[in-house]
Protein chains: 2
Amino acid sequence: MKNPIADLNKIFDSRIRLGVMSILVVNDEISFNDLKQMLELTDGNLASHLNTLEQAEFIKVHKGFIGRKTSTTYSITNLGKQAFKAHLDALEKMIKKL
Amino acid sequence: MKNPIADLNKIFDSRIRLGVMSILVVNDEISFNDLKQMLELTDGNLASHLNTLEQAEFIKVHKGFIGRKTSTTYSITNLGKQAFKAHLDALEKMIKKL
DNA sequence: TATTTAACTTTGAAAAACAAAGCACTTTTA
DNA sequence: TAAAAGTGCTTTGTTTTTCAAAGTTAAATA
């Protein structure tokens, strides 16, 4: 029998990063503040998880404005989509034996 | 929008515990050694994760014999089945927006 | 000008993960 | 029968991860 957890991506072990990705899959762009509110996180905690995802090149940051106010938004990259999908496939395969 | 990660069970954030549960869902009983080999873990690491699952009453331990050799086996509890299913449902709901 | 907001960074503490070694017991092998 | 090996842990200690809270910088509003 093959190791069923070998194909899971370590980056997605975190519920928060999983949540961010699942939001980004269905939202082309989302702001720091919206993420913060949706996931009910402190600034620092969210920022550090976003940083991990950015390092992995799974998300991209866009610094912009809404009117004249700064607004940072995030979007998923192709690599991120692929990695997330692969993770979900691995999860499903692991469980589909049900 | 509702917090999409709120219904995920913290116990299943761990890939290893997720792996153990996914194995136990389809195997009525499985030995310590089989788990160890399937998941490619050290004794101590596996033991500690099994302990966490046992504390939560998601798995049960059975001390027995295979022939004349001692054999400890593990099985899933009803509570464990429920919790695992709830976690998978939460995961699916989080992602089904796809 | 004082306060607030956005989006962080830094700091430090707590928790979790993990490998490696040790251990008690039994069984097998030389 | 003495040594080696296997089972299933526990213990120890290190590394990694998570997280909250406070500090920071720049712009906006009151």
Side-chain angles (χ1 to χ4, degrees), chain A residues 3-6 8-24 27 29-56 58-75 83 87, chain B residues 3-6 8-24 27 29-56 58-75 83 87:
Chain A
N3 180 346
I5 65 182
L8 295 177
N9 191 324
K10 281 227 165 105
I11 288 193
F12 301 130
D13 279 0
S14 152
R15 69 214 281 102
I16 292 176
R17 293 191 295 264
L18 211 56
V20 169
M21 293 302 280
S22 82
I23 288 169
L24 285 184
N27 295 277
E29 273 202 317
I30 195 151
S31 72
F32 185 89
N33 261 314
D34 284 349
L35 278 175
K36 193 177 99 177
Q37 271 149 36
M38 281 178 186
L39 299 172
E40 302 177 61
L41 301 171
T42 56
D43 287 8
N45 197 6
L46 175 57
S48 82
H49 284 292
L50 288 174
N51 203 38
T52 300
L53 289 171
E54 207 192 335
Q55 298 279 88
F58 289 174
I59 66 173
K60 267 193 315 275
V61 187
H62 316 268
K63 307 265 176 189
F65 292 88
I66 291 182
R68 307 171 59 193
K69 274 172 107 167
T70 60
S71 168
T72 307
T73 60
Y74 300 86
S75 64
H87 181 79
Chain B
N3 180 344
I5 66 181
L8 295 177
N9 191 323
K10 283 227 165 104
I11 288 192
F12 302 130
D13 279 1
S14 151
R15 70 213 282 100
I16 292 176
R17 293 192 293 267
L18 210 57
V20 169
M21 294 302 280
S22 82
I23 289 170
L24 285 184
N27 294 276
E29 275 202 315
I30 195 151
S31 71
F32 185 90
N33 261 314
D34 284 350
L35 278 176
K36 193 177 98 179
Q37 272 150 36
M38 281 179 187
L39 300 173
E40 301 176 60
L41 302 170
T42 56
D43 287 8
N45 197 7
L46 175 56
S48 82
H49 284 292
L50 289 174
N51 203 37
T52 300
L53 289 171
E54 207 192 336
Q55 298 278 88
F58 289 174
I59 65 172
K60 269 194 314 275
V61 187
H62 318 268
K63 308 264 176 188
F65 293 87
I66 290 181
R68 309 170 58 192
K69 276 169 107 166
T70 60
S71 168
T72 307
T73 61
Y74 300 86
S75 65
H87 181 79

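The sequence lines fix the lettering, A, B, ..., with proteins before strands; numbering per chain opens at 1.
Put simply, the side chain of I11(B) does not reach to within 4.5 Å of the side chain of H87(B), judged on heavy atoms. For the pair L53(B) and F12(B), the minimum side-chain heavy-atom distance is below 4.5 Å. Side-chain atoms of M21(B) and I59(B), non-hydrogen and from C-beta on, do get closer than 4.5 Å to each other. Looking at heavy atoms from C-beta onward, T73(B) lies out of side-chain contact with I30(B) at the 4.5 angstrom threshold. For the pair M38(A)/I23(A), a side-chain contact is recorded, criterion being any heavy-atom separation below 4.5 Å from C-beta on. F32(A) places a side-chain heavy atom less than 4.5 Å from the side chain of L50(A).
Comparing atom distances between the S71(B) side chain and each of dC19(D), dG8(D), dC9(D) picks out dG8(D) as nearest. Of the listed nucleotides (dA7(C), dC9(D), dC18(C)), dC9(D) has the atom at the smallest distance from the side chain of T72(B). Which of dG8(D), dT18(D), dA19(C) sits closest to the side chain of T42(B) comes down to dA19(C).
Residue K63(A) is classed as a sugar-phosphate contact, given heavy-atom separations below 4.0 Å to backbone atoms only. Residue contacts for I16(A): at a heavy-atom cut-off of 4.0 Å it reaches the sugar-phosphate backbone alone, with no base atom in range. S14(A) comes within 4.0 angstrom of the backbone, heavy atoms only, and of no base.
Between H49(B) and the phosphate of dC18(C), there is a side-chain N or O to OP1/OP2 separation shorter than 4.0 Å. For the OP1/OP2 pair of dA7(C) and a distance below 4.0 Å, the side-chain nitrogens and oxygens of Y74(A) include no atom meeting the criterion. For the pair R15(A) and dT18(D), the criterion of a side-chain N or O lying under 4.0 Å from OP1 or OP2 is not met. OP1 and OP2 of dT16(D) both lie 4.0 Å or more from every side-chain N or O belonging to K10(A).
One can place CZ of R17(A) at 11 Å from C1' of dT16(D), the figure rounded to the nearest angstrom. Put simply, CG on D13(B) is 13 Å from C1' on dA15(C), counting in whole angstrom units. When the P atom of dA6(C) is taken as reference, atom CG of L50(A) falls 16 Å away, rounded to whole Å. Atom CD1 in I59(B) sits roughly 13 Å away from atom P in dG8(D) (whole-Å rounding). Distance K36(A) NZ to dA21(D) P: 13 Å, rounded to the nearest Å. Between the CD1 atom of I11(A) and the P atom of dT18(D) there is a distance of 10 Å, given to the nearest Å. Put simply, CG on N51(A) is 15 Å from P on dA7(C), counting in whole angstrom units. If you measure from atom CD of Q37(A) to atom P of dA7(C), you get 10 Å, rounded to the nearest angstrom.
By the side chain to side chain contact (heavy atoms under 4.5 Å, CB included) test, N33(B) is found to be paired with S31(B), K36(B), Q37(B), residues two or more places apart in sequence or in another chain being considered.
DNA chain C is contacted by both E40(B) and S31(A); S31(A) maps to the nucleotide lying nearer its 5′ end (nearest heavy atom per residue). Comparing N33(B) and N45(B), the nucleotide of DNA chain D nearest to each residue sits closer to the 5' end for N33(B).
For the side-chain hydrogen bond (donor to acceptor under 3.5 Å, both in side chains) with H49(A), the lone residue among N45(A), N51(A), T52(A) that qualifies is N45(A).
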Dump the pairs, protein N or O against N or O of nucleotides 21-29 of chain C, anything under 3.5 Å, distances to one decimal.
residue : atom : partner : partner atom : Å
dT27(C) : OP1  : R68(B)  : O            : 2.6

